[in-house]
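We use all heavy atoms of the structure for the numbers below, so side chains are in, but hydrogens, waters and symmetry mates are not. Letters A, B, ... mirror the listed sequences (proteins, then strands); counts begin at 1.
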Protein chains: 2
Amino acid sequence: MSNFSSRRQAVLEVMKTMRCHPTADRVYEECRKTIPNISLATVYRNLAFWEQAGVVGRVVGCDNKERYDVELDNHCHVICPECGEVEDMDYPAELKEYLDNYCLDNGFEKFGLSFYKVCDKCSKDNLKQAK
Amino acid sequence: MSNFSSRRQAVLEVMKTMRCHPTADRVYEECRKTIPNISLATVYRNLAFWEQAGVVGRVVGCDNKERYDVELDNHCHVICPECGEVEDMDYPAELKEYLDNYCLDNGFEKFGLSFYKVCDKCSKDNLKQAK
DNA sequence: AAGAAAAATAAAAATAATTATCATTTTTGT
DNA sequence: ACAAAAATGATAATTATTTTTATTTTTCTT
């Protein structure tokens, strides 16, 4: 009964259920679990579709891969400078308010805030390598 | 008398004199004005060198090109969502202090703050197209 | 200053991510 | 049911970046 094709829906569904901020390739992998013959081009196309629709946004990490995200509004990002993985974090309320007002006052459309910290996985890997 | 090769110096010099946050390709273009036969690979290599040396940093814009920057410390970025150009802006002092402390308290290495606004060039272009 | 070792380079090839093309299939509207 | 439009898979093309390799430049040692 939906207006969208099953693959288009699947791409969004995957985006909603993955808690990380996947690259297109990760979304593709995930989609193939339920739709084995979906093509990577379709994933890119539909990510672009949902982006245009305003449902999905791009997140800039720190490697040169695009990462995608749903519901960008109320969180900032914690980025691992080594692997580029991006996690969500709620804004401290007062900070969010400050920044919202700052945007209004200065004509900015939106803002993005990121913090950097080596993720658990990478710091473990570093320990192993050091041995 | 410098420790660095002339091309290595040139790359840094160009970075310091360009006020925008150029892509590697723009740096290459600029370098060729003084060193016509410098190669793009050398520009990439030396940007990476200066990055490792901690002098140059990467900035994430909104297209999928890497952009480079010197002196990342005391400014945030204003990014044009259409062309990806990145400009510097000083932090409001109180905000900077708040964020610095927030990092210290929570074990983050650093933070990055960006605001989004269509740049003058793009908004003019949009007007022209609309006619 | 000479000559060996190390570092830096240009040019080109390779890689990786993303986008475009195109023939075919699926969906939609009437 | 059938024509028109949209979506898709497969693959080719494009774009940005990195690696390779043979050569040149710089540095070090004597």
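Not a single donor-acceptor pair, N or O on each side, falls under 3.5 Å between the base of D:dA6 and the side chain of A:Arg8.
In terms of phosphate contacts, B:Asn37 brings no side-chain nitrogen or oxygen within less than 4.0 Å of OP1 or OP2 of C:dT9. One finds a side-chain N or O of A:Ser5 lying less than 4.0 angstrom from the OP1 or OP2 phosphate oxygen of D:dT8.
Atom CZ of A:Phe4 and atom C1' of D:dA7 are 13 Å apart (whole Å). With rounding to whole Å, A:Trp50 atom CH2 is found 14 Å from D:dA7 atom C1'. Taking atom CD of B:Gln52 as the reference point, atom P of C:dA7 lies 14 Å away to the nearest angstrom. Separating the CG atom of B:Leu40 from the P atom of D:dT15 is a distance of 14 Å, rounded to the nearest angstrom. C:dT18 atom P lies 14 Å from atom NZ of B:Lys65, rounded to whole Å. Going from atom CG of B:Asn46 over to atom P of D:dT26 covers 14 Å, rounded to whole Å. As a whole-Å value, the separation of A:Tyr44 OH from D:dT15 P is 16 Å. To the nearest angstrom, P of C:dT25 lies 18 Å from CD1 of A:Ile38.
For A:Ala41 and A:Phe49, each mapped to the nucleotide of DNA chain D holding its nearest heavy atom, the one lying further toward the 5' end belongs to A:Phe49.
Counting only distance, with no hydrogens or angles, the side chain of B:Arg26 and the backbone of B:Cys20 share no donor-acceptor pair below 3.5 Å. Without hydrogens or angle criteria, B:His75 side chain to B:Asp88 main chain gives no donor-acceptor distance under 3.5 Å.
The side chain of B:Arg45 approaches C:dA11 more closely than any other nucleotide in the set C:dA11, C:dT18, D:dT17.
Atom CD of B:Glu97 is surrounded by 12 or fewer heavy atoms from other residues, nucleotides or ligands within 6.0 Å.
For A:Tyr98 and B:Tyr98, the ring centers are positioned 6.0 Å apart or more.
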